[in-house]
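Structure record follows, encoded as structure tokens.
Letters A, B, ... mirror the listed sequences (proteins, then strands); counts begin at 1.
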Amino acid sequence: MSALTNAAAEILAQVPAEATADEAKAIAGASGAGMAYGLAAIGPGIGIGYLVGQAVQAMARQPESAGQVQTTMFLGIAFTEALALIGFVVFILLKFV
Amino acid sequence: MLSVLSNPALLLAAEGEGGGVEFPPINLIVKWPAAFGDGQWYAFNKIALISMIGMLVPVILFWLAGRKASLVPKGIQNVMETSIDFVEDQIVLPAIGPDGMRYLPMLVSMFFFIWIGNLFEVIPTSHMPANARMANPLLLALTAWVMFIGVGLKHHKLGYLKEALFPPGVPKALYLLVTPIEFLSTFLIRPFSLAVRLFANMLAGHILLVTFSVLTITLMVLGPLVIVGGLSFAMLVAFTGFEFMVAFLQAFIFSLLTAVYIGGALHPAH
């Protein structure tokens, strides 16, 4: 965690002293936005990979239940993906608002 | 009107003087000027036009299909019956069950409205998904929210709230912990995540396509990097196909989740 805060502090240290408050806010927002989305994508990435892998395994073992597995898989993906999408919304808020 | 609004010259004008890549500000790619009634409650812009199309096209298609309905369907009647069969077999029956057939009309209209609104992301001269503005997904999510709570209250009276907030089979003392969590997840996070899922997916796809379009135009203008420009163009084509799929998938997932929530309110035991 300290490595992350150090990285953020290093980026902020490069802000020239004469930068206005708006510019400093934009720089801090942009660096924070990238970090926020990057971190938010890790968990759902692992989750969706695991979920789809298990679904493929289930479909390979029981091809006759493929339709039902597929519907449930999409449901699970929708729930897992929501976390990454909230991270994306945070990215938009930090970067553009 | 649509072609003027999506003028690529706007994107070129947004580029920097030095020939570097400069992406257009977010307001330029999601905010559209009103055609009339600017600032009034009846302000009508591109999003409103797409929403109107998304409402009218299914009405016209179903009217055409049902006008001369025959026992052996052919032509457009065949297509529309297939689409209803899809919603019935993939959404209503797995998520609610046979007693969910009365919600089929609502789910079909929801599916078509979202799908057509999303499709405008890849339709040339438009290139703007109606659901990339929060107003549309929020209203749809509120509709789903009112619907599933209404179904629960109608079929189980106040027992629905008891089932939802105090799930059976939990030790008494744990209700201190379970009840606030259930309240948050069922009544607040469900509509929020429904709306955000659709909104963020479509906005992300829109920004992705804008990014690769700007990149392609800039690299083509720069000249020497024409090979990289070709690669960027290939990515643009690939992502357009991908977004075509996402448009359908998001409409499907939104209707499916609405059906799951209605099913949960109808049979709260599981």
Worksheet item: If you count heavy-atom pairs under 4.5 Å with chain B, which of A:Leu85, A:Val89, A:Thr72 comes out on top?
Response: A:Leu85

Worksheet entry | Heavy-atom proximity to chain A below 4.5 Å, by part of B:Ile91 | neither

Worksheet item: With a 4.5 angstrom heavy-atom cut-off, which part of B:Asn201 approaches chain A: side chain, backbone, both or neither?
Response: both

Item to complete: Against chain B, label A:Phe79 side chain, backbone, both or neither, depending on which of its atoms sit under 4.5 Å from a heavy atom there.
Response: both

Item to complete: Heavy-atom distances under 4.5 Å only: say whether B:Ile253 touches chain A with side chain, backbone, both or neither.
Response: side chain

Worksheet item: Atom CZ in B:Phe183, atom CG in B:Leu165: separation rounded to 0.5 Å?
Response: 7.5 Å

Item to complete: Taking the side chain as every heavy atom from C-beta outward, state whether B:Phe112 and B:Val108 have any atom pair closer than 4.5 Å.
Response: yes

Discussion item. Using ring pair (Phe, Tyr, Trp, His ring centres under 6.0 Å), reason through B:Phe242 and B:Phe212 one step at a time and then give a plain yes or no.
Written reply: CA-CA 13 Å; B:Phe242 177 71; B:Phe212 277 100; over 10 Å; no

Worksheet entry | Region of A:Gln70 in contact with chain B, defined by heavy-atom distances below 4.5 Å | neither

Item to complete: Counting only heavy atoms closer than 4.5 Å, note whether B:Phe252 contacts chain A via side chain, backbone, both or neither.
Response: side chain

Worksheet item: Of the listed residues (A:Ala78, A:Ala82, A:Ala84), which shares the most heavy-atom pairs with chain B below a 4.5 Å separation?
Response: A:Ala78

Worksheet item: A:Ile92 versus chain B, heavy atoms under 4.5 Å apart: side chain, backbone, both or neither?
Response: side chain

Discussion item. Between B:His267 and B:Asp99, is there a side-chain heavy-atom distance shorter than 4.5 Å?
Written reply: yes

Worksheet entry | Interface moiety of A:Phe74 toward chain B, non-hydrogen atoms closer than 4.5 Å | both

Practice prompt. Determine the interplanar angle of the B:Phe187 and B:Phe148 rings, folded into 0 to 90°, and report it as parallel if under 30°, tilted if 30 to 60°, perpendicular if over 60°.
Written response: parallel

Discussion item. Contact between B:Met202 and B:Glu121 at the side-chain level, heavy atoms closer than 4.5 Å - yes or no?
Written reply: yes

Item to complete: Using the side chain to side chain contact (heavy atoms under 4.5 Å, CB included) rule, take B:Met134 and B:Val196 through it: C-alpha gap first, then chi angles, then the decisive distance, then the call.
Response: CA-CA 8 Å; B:Met134 196 51 171; B:Val196 163; 4.1 Å; yes

